[in-house]
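Worksheet: one structure, shown below.
Here, residue 1 is the first one in the sequence, and each next residue gets the next number.
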Amino acid sequence: MNRILSWSAVILWCVLIFSMSAQPAAVSNGLSKGMTEVIIEHAEKVVPNEEFNLGSLNHIVRKNAHFFLYLILAILVTYALRQSGNNEARAYGLAFLITVLYAMSDEFHQIYVPGRGAQFSDVLLDSAGALVGIVTYILIRQVPIRQVPGTPRNLSKK
């Protein structure tokens with residue numbers, strides 16, 4: 001059951017990435033500008049005398065979205081591979097490969113989306129996110145699980 005749920009999460013996350021990439025440039029930019037405006041609105045409360053440039057900050061938001069979408073994808077893929085019985089080294093290598101190949105296919109897909117295009121720099125950013133995601137997975141797995149009263153003791157560490 002864990003295997004099915006973990007691969008379902010991977011597929012759903014890939015669908016999310018694909019749907020965001022399928023948005024024409026104007027729609028995608030409008031979405032990220034809206035998010036950037038919310039960030040600026042909150043930042044102005046913290047540092048009211050600071051001047052924020054919407055264009056520059058929007059670019060940062062868009063690039064961070066790439067990084068974090070693929071960071072999460074790599075964590076999900078790594079977990080799914082471990083649930084499927086792959087050993088750690090194989091899971092980490094395959095997770096990185098799968099995530100980078102998906103990033104490449106996503107950029108290729110954007111060639112056919114109005115106003116969008118493929119950018120090698122985005123694949124590099126996505127790959128960096130994947131690498132950080134796998135390292136994050138490894139670090140999280142190193143944290144010892146404390147027994148909570150009333151929970152079963154057979155928590156497997158895959």
Side-chain angles (χ1 to χ4, degrees), residues 1-84 86 91-143 145 158:
M1 187 63 158
N2 278 346
R3 186 180 312 172
I4 293 169
L5 288 175
S6 62
W7 282 111
S8 296
V10 169
I11 291 167
L12 287 172
W13 198 257
C14 286
V15 168
L16 172 72
I17 292 171
F18 183 87
S19 66
M20 292 178 80
S21 294
Q23 295 175 338
V27 174
S28 176
N29 197 40
L31 179 65
S32 63
K33 275 188 177 176
M35 181 77 94
T36 304
E37 288 170 350
V38 169
I39 292 168
I40 289 173
E41 180 181 315
H42 286 79
E44 286 174 338
K45 292 177 184 174
V46 177
V47 281
N49 297 328
E50 189 66 34
E51 188 73 26
F52 294 98
N53 181 307
L54 178 63
S56 296
L57 195 54
N58 186 50
H59 181 74
I60 293 168
V61 167
R62 293 179 71 81
K63 295 307 172 184
N64 273 289
H66 270 274
F67 184 87
F68 285 105
L69 283 170
Y70 283 88
L71 180 148
I72 293 168
L73 179 60
I75 291 171
L76 292 173
V77 171
T78 303
Y79 181 74
L81 287 165
R82 292 292 288 140
Q83 291 301 306
S84 297
N86 290 280
Y92 304 149
L94 277 175
F96 186 72
L97 180 64
I98 290 167
T99 306
V100 171
L101 288 174
Y102 191 74
M104 292 168 67
S105 72
D106 185 52
E107 288 302 313
F108 179 75
H109 157 248
Q110 287 184 42
I111 292 171
Y112 301 100
V113 177
R116 311 262 320 242
Q119 293 186 357
F120 183 69
S121 61
D122 284 348
V123 174
L124 291 176
L125 194 53
D126 299 339
S127 300
L131 186 59
V132 171
I134 293 166
V135 170
T136 301
Y137 178 89
I138 293 167
L139 293 174
I140 288 171
R141 299 303 297 159
Q142 300 303 315
V143 176
I145 299 173
K158 284 193 173 179

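- Residues meeting the side chain to side chain donor-acceptor pair (under 3.5 Å) test with N29, sequence neighbours left out: N58.
- Checking side-chain atoms of E107 against main-chain N and O of Q119 turns up a donor-acceptor pair under 3.5 Å.
- Each of I134, L131, L76, V132 was scored for a side chain to side chain contact (heavy atoms under 4.5 Å, CB included) with L71, with one residue passing: V132.
- What you find for A130 and A74 is that their closest heavy atoms are O-CB, 3.3 Å.
- Residues passing the side chain to side chain donor-acceptor pair (under 3.5 Å) test with S127, sequence neighbours excluded: none.
- The list of side-chain hydrogen bond (donor to acceptor under 3.5 Å, both in side chains) pairs with a residue in residues 5-16, not counting sequence neighbours, reads W7-S84.
- For the side chain to side chain contact (heavy atoms under 4.5 Å, CB included) test, residues two or more places apart in sequence or in another chain that qualify with L124 are F120.
- Applying the ring pair (Phe, Tyr, Trp, His ring centres under 6.0 Å) rule to pairs touching residues 38-76 yields nothing, sequence neighbours excluded.
- Listed for the N64 side chain is a donor-acceptor partner under 3.5 Å among the backbone atoms of I60.
- Closest non-hydrogen pair, V113 versus Q23, comes out as CG1-O, 3.3 Å.
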What donor-acceptor contacts under 3.5 angstrom involve side-chain atoms of residues 91-105, with partners at least two apart or in another chain?
unit_1 : atom_1 : unit_2 : atom_2 : d
T99    : OG1    : A95    : O      : 2.7
Y102   : OH     : C14    : O      : 2.7
S105   : OG     : Y102   : O      : 2.8

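- For residues 33-55, there are no salt bridge (Lys or Arg N to Asp or Glu O under 4.0 Å) pairs, not counting sequence neighbours.
- Sequence neighbours left out, the pairs with a member in residues 118-132 that pass salt bridge (Lys or Arg N to Asp or Glu O under 4.0 Å) are K63-D122.
- Taking V135 as the reference, L139 meet the side chain to side chain contact (heavy atoms under 4.5 Å, CB included) condition, with sequence neighbours excluded.
- Annotation: side chain of T136 is in contact with side chain of I140 (closest heavy-atom distance under 4.5 Å).
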Residues 15-22 side chain polar contacts: donor-acceptor under 3.5 Å, at least two apart:
unit_1 : atom_1 : unit_2 : atom_2 : d
S19    : OG     : V15    : O      : 3.2
S19    : OG     : L16    : O      : 2.8
S21    : OG     : I17    : O      : 3.2
S21    : OG     : D106   : OD1    : 2.6
S21    : OG     : D106   : OD2    : 2.9
S21    : OG     : Q110   : NE2    : 3.4

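- In summary, the side chains of R62 and T36 do not present any donor paired with an acceptor at a separation below 3.5 Å, with no hydrogens or angles considered.
- For I111 against A118, the heavy-atom pair with the smallest separation is CG1-CB, 3.8 Å.
- Heavy-atom minimum distance, S32 versus V61: O-CG1, 4.4 Å.
- A heavy-atom distance below 4.5 Å is not found between the side chains of P24 and R116.
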